[in-house]
There are 4 protein chains.
Amino acid sequence: MSKKRAPARAAPRQARAQATVSAILDATVLVLDREGLDAATTTRIAEVAGVSIGSLYQYFAHRDAILTALQEREFERATAMMQDVLAAGNLARSPRETVTAVVRGLAGLYATAPGLHRVLAIEGLRVAAAERVHAFDTRVIEIIELFLRASDAPLRRKNTQAAAFVAFQAVRATMLATLLERPPGLAEDDIVEEIVDLVLRYLVDGAPEP
Amino acid sequence: MSKKRAPARAAPRQARAQATVSAILDATVLVLDREGLDAATTTRIAEVAGVSIGSLYQYFAHRDAILTALQEREFERATAMMQDVLAAGNLARSPRETVTAVVRGLAGLYATAPGLHRVLAIEGLRVAAAERVHAFDTRVIEIIELFLRASDAPLRRKNTQAAAFVAFQAVRATMLATLLERPPGLAEDDIVEEIVDLVLRYLVDGAPEP
Amino acid sequence: MSKKRAPARAAPRQARAQATVSAILDATVLVLDREGLDAATTTRIAEVAGVSIGSLYQYFAHRDAILTALQEREFERATAMMQDVLAAGNLARSPRETVTAVVRGLAGLYATAPGLHRVLAIEGLRVAAAERVHAFDTRVIEIIELFLRASDAPLRRKNTQAAAFVAFQAVRATMLATLLERPPGLAEDDIVEEIVDLVLRYLVDGAPEP
Amino acid sequence: MSKKRAPARAAPRQARAQATVSAILDATVLVLDREGLDAATTTRIAEVAGVSIGSLYQYFAHRDAILTALQEREFERATAMMQDVLAAGNLARSPRETVTAVVRGLAGLYATAPGLHRVLAIEGLRVAAAERVHAFDTRVIEIIELFLRASDAPLRRKNTQAAAFVAFQAVRATMLATLLERPPGLAEDDIVEEIVDLVLRYLVDGAPEP
DNA sequence: GATGAATGAGAATTCATTCAT
DNA sequence: CATGAATGAATTCTCATTCAT
């Protein structure tokens, strides 16, 4: 489905190479977050990374490969965070504690570079993003679903998959919108609480008031 | 405030001109929805519209002007729908009826061209979109807030502004994600129900189960 | 030699037509003088003339025809002025009087629209201007030469053609430069005097100091 | 002050780059001289330079930057020539020798590419040329004025600034007109002599006949 | 005749990508 | 491996000119 199937650039084995790749990805984050997608030209990225374009193409077959790698990295982080918070070991926590941890975790990920996540989010990336985003969503939803099933909280929903989907999308979008639009007269902490409440009431029966 | 302030292209007086403008906007919708933002070059739009680029530039000072016009048009539609549904005359309806109407209304707007709305939504448009999107959000939230205050439903939230913001973002994003990702094993009607439930439980105390 | 040989638009016989042609030429002068050659698009000219482009093309086969007509008109005026001042009837005047009259005459022509004359002068107009400018120059030089020969002032030059050429170019350029650059600390009258002196000393023997 | 302030294209460090820049400038001279300003499109320049447009834009932010660079280069040359000829060391020369040197110097500069200088001169270049041309004129006039004051020739004019202005404009324009129009029956050398005489009689008292 | 909507060739400029050094 | 000069396809936009109404 992806338009460009690159001839798989040599995975960097040496430390210096690894550093270069990181520099490029970090530079891309910086540029995307501060200057937007349009400004993220290969030249600009290379410049911010302190690397020549030649070198950039040593490690990435084409521009999209950089964006893809970045997306992958962020998805990885998000998945890891979710997995961590929703691990079996945490089943003992109260639902509120758990949901709060997830929302705060997501907020943490987004807060570093909200502009980046605007771009990475479902609506932004163009090339073959659909599949990748879908895969990520599926995975995250799975994690949530598993947790929901394992939990012994009094769930309101029968269709846990749908519930996981709805809950995740609602949290993701509201969190991002908050970071990008800062609704007036609302501290971030307040919003976190609102979102937690939104999800809790939706998922759990008789969720205690905060 | 916007970067490009066009020398105000001639407002079309003749019928033919009006038709051309419509053709261009409609073509843009088509292209954006099916081929994405990147494919929406002026040439492609003109081609799909069955119009010469010259004509395109007769009515739109530059590419962004087309996108802006489109955004304005869609925002207008959305606002109108919300205003309609949340009008004072509808205070008598049950909360569930009202929320359902809103969600269905939004679904209706998005369903025609989900790809378009992906682009038009907060994360997509680049040029000076921020202000415009923000203005739209503010307006919608105001409408919601007004309704919440006027309603005599047993509201759970004290901060109605925050509530309006969270509710709207949650509905918008989840609806859009649904249309774009066609979540597994869920008909659109099911999703509508889920979203309605999400919002209802969040906003209203003791909302009766469906 | 000219690239475009137009199918000779119908010479306007009616008064209204003549007025339209004038309006177009005058508008062109205005635009050229104030906004420069680049701004002198057919649309802009028509707009300033208060005429539709369609009408513009009714009277001028193409854009260049307008500029050519204008050039012709200005050349005509300049030639007429020279012819007038250097007519046989004026042989009685003192050389200083005559030269002053010429310089003032030129100043008068240029002063109305210096920007226009920058464009019309030798260096400006592009299309087939060379021949036309050359013809004009030749004609003017002829007029000057004839006068010089008829005059009984004590001429210093043997080669009257060369003298006429040099004198004319010097006056023309200095006058134009003056109007365009507003040289520091020099009123227009001072410059006229300087130029008169320049030419007089060059052409006439023992020309009396001012 | 100029409308376009370019993001300072990379100054060429490597030898090849320097060669490319030169090729572009030289090609521009060629095109301007032979085909005129309108023909000097970026594509044509690149083509004549034997370089891709991409390369052209690697070194010049936009078309005007090329023309500006060229103008600067020619102005530099002209100023250097004047400064050279009118240097303090040359005060011993006779006025006729000095003026002849200046006129011949200018003739030398113009002769290589008269068409180019038609464009570069006051009337031709559009973008922000005014200031630049003015600055050049000012500088040249200063050089002349300084020389006039230092010289012990019997000057006729009190206002040396005005004299410098008039003398320079007269020489410049007449020289250029000569090269562009080749008045019939006149060798370039004759014209030089005429111009020298024009200026000498204007500036110096009792200038000896040739 | 007048109007102005439509046309499209052509110009400027960008940017991903390659490749000689 | 690194560098950065060179490339050129693709894109936006302008403007002279035509022609149906």
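Numbered from 1 within each chain, the chains take letters A, B, ... in sequence-line order. Hydrogens, waters and symmetry mates play no part in the numbers below; they use all other heavy atoms, side chains included.
- Atom P of nucleotide F:dC15 and atom CD of C:Glu35 are separated by 12 Å, given to the nearest angstrom.
- What separates CG of C:Asp38 from P of E:dA11 is a distance of 14 Å, to the nearest Å.
- The closest donor-acceptor contact from the side chain of B:Arg63 to the backbone of B:Ala40 lies under 3.5 Å.
- One distance of note links CD of B:Glu47 with OG1 of B:Thr42; it measures 11.0 Å at 0.5 Å rounding.
- With salt bridges taken as basic N to acidic carboxylate O contacts below 4.0 Å, one links C:Arg73 and C:Asp26.
- No side-chain heavy atom of A:Phe60 sits less than 4.5 Å from a side-chain heavy atom of A:Thr68.
- Between A:Leu56 and the options A:Val21, A:Ile66, A:Thr43, A:Thr20, a side-chain contact (heavy atoms from CB on, under 4.5 Å) holds for only A:Ile66.
- If you take CD of B:Gln58 and P of F:dT18, they are 16 Å apart, rounded to a whole angstrom.
- For C:Arg63, whose side chain is taken as the heavy atoms from C-beta onward, the closest listed nucleotide among F:dA16, F:dA5, E:dA12 is F:dA16.
- The distance between atom NE2 of C:His62 and atom C1' of F:dC15, rounded to the nearest whole Å, is 15 Å.
- The CD1 atom of A:Ile24 lies 9.5 Å from the CD atom of A:Gln58; values are rounded to the nearest 0.5 Å.
- Atom-to-atom distance recorded for C:Leu30:CG and C:Ile45:CD1 is 11.0 Å, nearest 0.5 angstrom.
- Taking CG of A:Leu70 as the reference point, atom CG of A:Asp64 lies at 12.0 Å (rounded to 0.5 Å).
- For the pair A:Ile24 CD1 and E:dT17 C1', the computed distance is 14 Å after rounding to whole Å.
- Here the nucleotide nearest the side chain of D:Tyr57, chosen from E:dT14, E:dG1, F:dA6, is E:dT14.
- Neither OP1 nor OP2 of E:dA5 sits under 4.0 Å from any side-chain N or O of B:Ser55.
- What separates CG of D:Leu37 from P of E:dA11 is a distance of 13 Å, to the nearest Å.
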Per-nucleotide pairing state of DNA chain F [Watson-Crick or G-U, under 3.5 Å; [ ] pseudoknot-crossing; | other strand] = .||||||||||||||||||||
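- Across all non-hydrogen atoms, the minimal contact from B:Leu25 to B:Ala69 is CD2-CB, 4.1 Å.
- Annotation: proximity of residues 41-54 of chain D to DNA chain F (heavy atom, distance under 4.0 Å) is found for D:Val51, D:Ser52, D:Ile53, D:Gly54, numbered in ascending order.
- Atom P of nucleotide E:dT14 and atom CZ of D:Phe60 are separated by 15 Å, given to the nearest angstrom.
- One atom, CG of D:Leu56, and another, C1' of F:dA5, lie 14 Å apart when rounded to the nearest Å.
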